[in-house]
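To find a chain, count down the sequence lines: A is the first, B the second, and so on, and within it residues start at 1.
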There are 2 protein chains.
Amino acid sequence: MSDAVAVGIDIGGTKLLALAVDENGAVVGRERLTTPRGDPDALVGTIVEAARGLAHGVPVGVGVAGIVARDGTLRYGPNLDVTDLPLQARLEEQLDATVTVRNDATVALYGELRAGAGQGYEHVVMITLGTGVGGAVFTEGVLVEGANGMGGELGHVPVVDGGRRCPCGNHGCLEAYASGTVIGARAREAIDATDVETVLREQQDVDGKQVTLAALDGDEFALSVLREAGYWLGVGLVGIVNAFDPAVVVVGGGAATLSAEIMLPVAAEVVGERVIGADRRDVPPLIPAELRDDAGGIGAGLLAHDERSGGLQAGS
Amino acid sequence: MSDAVAVGIDIGGTKLLALAVDENGAVVGRERLTTPRGDPDALVGTIVEAARGLAHGVPVGVGVAGIVARDGTLRYGPNLDVTDLPLQARLEEQLDATVTVRNDATVALYGELRAGAGQGYEHVVMITLGTGVGGAVFTEGVLVEGANGMGGELGHVPVVDGGRRCPCGNHGCLEAYASGTVIGARAREAIDATDVETVLREQQDVDGKQVTLAALDGDEFALSVLREAGYWLGVGLVGIVNAFDPAVVVVGGGAATLSAEIMLPVAAEVVGERVIGADRRDVPPLIPAELRDDAGGIGAGLLAHDERSGGLQAGS
């Protein structure tokens, strides 16, 4: 464990992954715990336990789904059932270390920038396809967090005005057309409403993963559902690319791990045809993320380390 | 003229506005020339003439519509009929000064940041409504220019998949629903296709400005056309606000000067209802730009000045 320069902790709605990382982002220690929900004290205690179990005296980075204020207060963590928890301050009291708390998508992007698919770029958009659709942006060599710490909510770019209801409360968001949840729902709807032939008809509780596995196995119906999601991913990315002009778009998240080879070419074709000045510019490639489930923990650790060492080190 | 710290030049498709500015962005000298089109040498000559006429030895900033590479090469200037013109290098050869060439929307935003509606903010989105819809972004204290110098093309965020054709070649862009050009076209279409009552029916060649003047005069039809454009501006801004989380959205451009009081409340309502976490965050206000036609010249001059003096000075 002598190589550990930081601990990074990725807090999911059910599991909490803590990683000790070296200065290049290699994982030199790992611990997985259950996330306590609706209990701020237990949450703080679990993070402290995980960090102490891996290393002492090194910076600790934490990535958490929700709205994180600039001072590391978790203003709203829907998966954790907590609001207005001064997480960074509470952790610094208990750990003999500097602590950095950020949005989970931001730290996952930072992991990819420093140790994954985004290495060497100064302009990177990351999209994560999972239960929902997340996003994070690195532009001009800085992480986009925004005035409320809510920048990079790329899953909530509208793609269909008045379209499918999104968990965020709005209608027609990219998330409502391209998440793993939606891929499963679209498949179930079509199976129930039509007599389309598909191996999925025999299965219980069809979800995004089953659709993807069937598609990879050549099921034409499942392929069409994924291609449709890929189309909407492309439509959303047209606006995102026009806004940020990234050198590359990194696509990660659980739902993308298997489906990338089907969805990304469809999305890339839409982007290549529709972004402004497509024939006079470099159109960013859509590439899969590399660090998978470790991206958040690696990124949180490296971000905490780099901030204490004098600033972000991603980009060229 | 002793106060001039820089000259800023805003190159439009027909007119070229050169301003001498002091360090606060106050205009201390002004010259207006005709823009030569399709003749790179004449363009360079006109800029040199304008700059020399106002001040000697001070930095010169230039804002131009089109794709501007990081080295100040104008890769594509559709309004000027030029491609791949190394404008910054050519100007530096002829002027005894450092020269900065940037996109016109970027310098207009910089003007508003330093001397107009964006003062004091670190996260600002600017939208310009004119013949087209332009945009520029300042986030985390940096100007978003992107990998190709094409960041901030906010007029080309899709709002209706497969919708109205946009001059950019795509369909359904914000620009195709909210530009001054489109406001005029929508009004003409409805007047031709229906028997709607409106004072515009008597007028020749209805354009966006006429629609706006009629609306300000209480014409219900004209109001409905502007409100529809305001609605789509709001839809586009939902995605833009979710992506960047700005503290404020500054709306400028010729078409906004008169129509802001009608369009912005409609757009603001859409943004306020639909951005993610609207009830748990500060939703950015939509405010009119302040510098009007001088924004580009002032911003180009201040940007050239600030870059030579050690970096951007906007934000807090």
Quiz item: Are the side chain of A:Glu112 and the backbone of A:Leu109 linked by a donor-acceptor contact shorter than 3.5 Å?
Solution: no
Quiz item: Between B:Ile240 and chain A, which part of the residue has a heavy atom less than 4.5 Å away: side chain, backbone, both or neither?
Solution: neither
Self-check item: Residues in residues 151-159 of chain B that sit under 4.5 Å from chain A, counting heavy atoms only
Solution: B:Gly151, B:Gly152, B:Glu153, B:Leu154, B:His156, B:Val157, B:Pro158, B:Val159
Quiz item: Relative to chain A, which of B:Ala243, B:Gly172, B:Cys168, B:Gly135 shows the most heavy atom pairs under 4.5 Å?
Solution: B:Ala243
Self-check item: Spacing of CG belonging to B:Leu87 relative to OG1 belonging to B:Thr73, to within rounding of 0.5 Å
Solution: 8.5 Å
Quiz item: Does the separation of the ring centres of A:Phe138 and A:Tyr121 fall below 6.0 angstrom?
Solution: no
Quiz prompt | Residue, of B:Arg75, B:Arg274, B:His171, B:Glu273, that accumulates the most heavy atom pairs under 4.5 Å with chain A | solution = B:Arg274
Quiz item: Is the shortest side-chain N to carboxylate O distance from B:Glu269 to B:Arg227 below 4.0 Å?
Solution: no
Practice problem: Taking heavy atoms only and a threshold strictly under 4.5 Å, list by residue number the residues of residues 276-287 of chain B that touch chain A; give 'none' if the list is empty. | Solution: B:Ile276, B:Gly277, B:Arg280, B:Arg281, B:Asp282
Exercise. Could you tell me which portion of B:Tyr76 (side chain, backbone, both or neither) has an atom closer than 4.5 angstrom to a non-hydrogen atom of chain A?
Key: side chain
Quiz prompt | Options B:Asn148, B:Val235, B:Asn170, ranked by heavy-atom pairs under 4.5 Å with chain A, top entry | solution = B:Asn148
Self-check item: Among A:Arg308, A:Glu307, A:Gln88, side-chain hydrogen bond (donor to acceptor under 3.5 Å, both in side chains) partner for A:Thr100
Solution: A:Glu307
Self-check item: Side-chain ion pair, B:Glu122 and A:Arg70, N-O less than 4.0 Å
Solution: no
Exercise. Check step by step if side-chain contact (heavy atoms from CB on, under 4.5 Å) holds for A:Val241 and A:Val125.
Key: CA-CA 8 Å; A:Val241 169; A:Val125 162; over 6 Å; no
Self-check item: Contact winner vs chain A - B:Leu143, B:Val160, B:Val275, B:Val248, heavy-atom pairs under 4.5 Å
Solution: B:Leu143
Practice problem: Show your reasoning for whether side-chain contact (heavy atoms from CB on, under 4.5 Å) applies to A:Met263 and A:Ile183. | Solution: CA-CA 11 Å; A:Met263 287 176 66; A:Ile183 288 167; 4.0 Å; yes
Quiz prompt | Electrostatic pair B:Arg164-B:Glu189, nearest N-O below 4.0 angstrom | solution = yes
